[in-house]
2 protein chains.
Amino acid sequence: MANNVTLKDVARRAGVSYQTVSKILRNQIQVTPEVRARVQQAVEELGYRPNITARSLRLQTSHLIGYSWKSAHERYINPILEEFEQSIVDAAERLGYHILLFPYHQGPDLYRTYEELVYSGRVDGFILSDLEFDDPRIPVLDRLQVPLVAFGRAQSDGSTFPYVDVDGRAGIRQAVEHLLEQSHQRIAFLGWPEQSRVGTDRLSGYWEAMKAAGLPVDPAWVMHGAGQYDYGYTAAHTLLDLPAGRRTSAIVTVYDLIAVGAVQAVQERGLQVGRDVAVTGFDDTPLLSYLLPGLTTLRQPVWEIGQRVVELLVRLFEGDKPAESESHVLVPPELVIRDSSRGYRPR
Amino acid sequence: MANNVTLKDVARRAGVSYQTVSKILRNQIQVTPEVRARVQQAVEELGYRPNITARSLRLQTSHLIGYSWKSAHERYINPILEEFEQSIVDAAERLGYHILLFPYHQGPDLYRTYEELVYSGRVDGFILSDLEFDDPRIPVLDRLQVPLVAFGRAQSDGSTFPYVDVDGRAGIRQAVEHLLEQSHQRIAFLGWPEQSRVGTDRLSGYWEAMKAAGLPVDPAWVMHGAGQYDYGYTAAHTLLDLPAGRRTSAIVTVYDLIAVGAVQAVQERGLQVGRDVAVTGFDDTPLLSYLLPGLTTLRQPVWEIGQRVVELLVRLFEGDKPAESESHVLVPPELVIRDSSRGYRPR
DNA sequence: GAGAGTAAGGCGAACGTTCGCCTTGATGCT
DNA sequence: AGCATCAAGGCGAACGTTCGCCTTACTCTC
């Protein structure tokens, strides 16, 4: 239970009215040094702390931010999210807010749940992560007219909520350009299903880089799949089965685990990763470095994204209407070059 | 910003006093069916939701639980925590609470920070995870006299706060017994540093099982180390270097990544894991299953622990004084038997 | 038909703040 | 001396609930 030292207690001890104490503590009023000192002392002696609930009621703001993310299904793990969470908590704290957990589980009463949280004054706004293609949360929150910033973009339909996202296109472009520098010419792309928002974004980076280099792309090189390890494994085998003239010497993937599957396939063929076939991943998954130390990959600037998401949201709370360029932010990932894409020797 | 439909608005439309509306909605009063219907209709039409802040102020409880965990250092990842977080959010929601994130960063003003949160009425109590040997949070929160339940135990000094923890001793005992059944006789234990609370707990499970089986333990078999992969790797090599009569045929470890290192060492010797040397881990780390599918390990019942932690905490809120056995709970992990401990053929 | 009992709902107060306006007394100016 | 000015701090009200007690009117009982 909260401490029960209130303004009135402090006031009584300091011999002033409690409203005056409130104003003194927030520097909203000028008083004689003696009075200020008396109040300060009373505060210390009694251990007074302003009651946040009362303040929230009066100010009509909870200083709480709801964080909605997608529960990991079964034992799948998203390495990104923990760092993101840390980052938003850190930024929120810095700006005087706290983060309330609010996992998103699909269901018919989605609207009801959010409405509840917002109309009951529980939270001032939301941070969403794990946005999906046509995420159902977006229309719901749009309708509620509540401040909201997302990590990631949804489908580009009418609603244009503010977001901060990784520039997957620029990332993949970097990866492909890096491979081109290593004098690869035939480069495959293991992407996600065609409906995937993130997947198409990353794919376009591939196209851009190939086009800029003036290189032709064999349709067989571009694949779309839903799995992780297994998908990478079988897709890589398919690529390696192509006739010599069409066979790729490099495989760009949209996710580390897909890359791991591909590496496995390459090795099973008796080929050496890097020297014979280059492979790149995406995310720089922490644990992976123990098991496959040499994977070239793209590291998402998760910490920075978290910071910017919160800063943007707080600006919205304050009634700011940020410019387009400030409310739709893309941050490029960092290419981490390791052995899986080095030392290519064309044969 | 919160909806601004209040009890008074509903009351005006329904033609009753607002206090009556409040009571009707919470079923604290009997009214004629007509009045109830009028009120219900007004609620629906206006979209009334009780203001949580006002309720909190009146009831002197925030219905918020602070969750304090240790920020992952650098790129280390704790696979357990995400599920734990999910679980406590789920349980809290079920019981009418929400979880407020409050990462624990070491520092001199630790006390101040917690005091702030408690005395300001921000949270009703705390859940702690990642307890360390002599965790600094414990005395602080002890002094604040705030309801608190931990996932894990700290050093057993005076303060005996409620906790729910994995029974590491029982877990390791299970693992060792399983190996004994596979007719292993010389079993090594790769533990954590001697000061580690969790480490000594798990070690005692090893001793118990070996003693119960009446088997001698060579001091060289029991190792303490701080690392992860590297530690497992070098420790296993050391064990395999022992003279034939003292060499172990099984290696029990306290953490999956240590086991992975050990597996690597075993394989480098040209030995086959399982058939020649058995290895077991701890945690059933999700990603690992992609890379080392056959590792026998102990799966922590994280979901169940989260549920029980919250239930216990809510009981404390309600003024319950749970019995010793209810407030110090140990849950045994589940032994997941895979290939790394099967098919032993003594030579 | 008077008193007691009960059901339905009204009313004031309180939770601990913050905000805007008001009062008081001292000072300055002409 | 008379008036305006200003600094210091008091005071009432409001934020939206919940709680306990009170009033009113109706029904039952002998």
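Each chain gets a letter, A, B and so on, in the order its sequence line appears, and its residues count up from 1.
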Base, sugar-phosphate alone, or nothing: which one does T20(B) contact when heavy atoms must sit under 4.0 Å apart?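 It contacts base atoms.
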For S22(B), report the nucleic acid contact type (base, sugar-phosphate, nothing); a contact means any heavy atom under 4.0 Å.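 Result for S22(B) = base.
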Nucleotide [N], atom [atom2] - distance to [atom1] of [X] in whole Å:
{"X": "I52(A)", "N": "dT17(C)", "atom1": "CD1", "atom2": "C1'", "result": "12 Å"}
{"X": "L59(A)", "N": "dA13(D)", "atom1": "CG", "atom2": "P", "result": "21 Å"}
{"X": "R122(A)", "N": "dG16(D)", "atom1": "CZ", "atom2": "P", "result": "17 Å"}
{"X": "K23(B)", "N": "dG20(D)", "atom1": "NZ", "atom2": "P", "result": "9 Å"}
{"X": "E34(B)", "N": "dA8(C)", "atom1": "CD", "atom2": "P", "result": "10 Å"}
{"X": "N51(B)", "N": "dG16(C)", "atom1": "CG", "atom2": "P", "result": "17 Å"}
{"X": "I24(A)", "N": "dC19(C)", "atom1": "CD1", "atom2": "C1'", "result": "16 Å"}
{"X": "L46(B)", "N": "dG16(D)", "atom1": "CG", "atom2": "C1'", "result": "15 Å"}

Starting at the 5' end of DNA chain C and moving along, which residue's nearest nucleotide shows up first, Y18(B) or L7(A)?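 Taking each residue's closest nucleotide, the earlier one in sequence belongs to Y18(B).
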For R58(B) and for G15(B), locate the closest nucleotide of DNA chain C by heavy-atom distance; then report the residue assigned to the nucleotide nearer the 5' terminus.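 The residue mapped nearer the 5' terminus is G15(B).
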Should the pair R308(A)-E304(A) be classified as a salt bridge under the 4.0 Å nitrogen-to-oxygen rule?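 Yes.
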Below 4.0 angstrom, N of the basic side chain to O of the carboxylate: do E311(B) and R94(B) qualify?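 Judged by the 4.0 Å cut-off on N to carboxylate O distance, E311(B) and R94(B) do form a salt bridge.
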Please evaluate the base of dG12(D) for a donor-acceptor partner in the side chain of Q19(A) within a cut-off of under 3.5 Å?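 Such a pair is found, so the answer is yes.
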For E326(B), is the CD atom crowded, meaning more than 12 foreign heavy atoms sit under 6.0 Å from it?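 Counting other residues, nucleotides and ligands, CD of E326(B) exceeds 12 neighbours.
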Looking only at side-chain N and O atoms, does [X] come under 4.0 Å of OP1 or OP2 in [N]?
{"X": "Q60(B)", "N": "dT18(D)", "answer": "no"}
{"X": "S17(B)", "N": "dG9(C)", "answer": "no"}
{"X": "R55(A)", "N": "dT18(C)", "answer": "yes"}
{"X": "Y48(B)", "N": "dT17(D)", "answer": "yes"}

Angle by which the axis turns from one end of the helix from dG1(C)-dC30(D) to dT30(C)-dA1(D) to the other, five pairs per end, to 10 degrees: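 Roughly 60°, once rounded to the nearest ten degrees.
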Determine the minimum heavy-atom distance between V123(A) and G66(A), stating which atoms define it.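 Nearest pair, atom of V123(A) first, then G66(A): CG1-N, 3.7 Å.
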Might you point out which heavy atoms bring S129(B) and Y67(B) nearest each other, and give the distance in Å?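 What the structure gives for the nearest pair is OG-OH, 3.1 Å.
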Enumerate the residue pairs fulfilling ring-ring contact (aromatic ring centres under 6.0 Å, His included) with a member in residues 308-329 of chain B, sequence neighbours excluded, ordered by first and then second residue.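 Checked against ring-ring contact (aromatic ring centres under 6.0 Å, His included) - neighbours excluded - the pairs reaching residues 308-329 of chain B are Y97(B)-F317(B), Y163(B)-H328(B).
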Can you confirm if the NZ or CZ of R137(A) lies within 45° of the ring axis of Y114(A) and under 6.0 Å from the centre of its six-membered ring?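 Verdict for Y114(A): no cation-pi partner in R137(A).
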Lys NZ or Arg CZ of K8(B) over Y18(B) ring: under 6.0 Å, within 45°: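 Output yes; distance and angle both within limits.
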Positive for side chain to side chain contact (heavy atoms under 4.5 Å, CB included) with V43(A), one of V5(A), V10(A), I24(A), L7(A):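 So the option named by the test is V10(A).
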Proximity to DNA chain C (any heavy atom under 4.0 Å), residues of residues 25-32 of chain A only: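 Here the set is R26(A), Q28(A).
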Side chain to side chain contact (heavy atoms under 4.5 Å, CB included) evaluation trace for H63(A) with H98(A): CA-CA 7 Å; H63(A) 275 237; H98(A) 286 277; over 6 Å; no
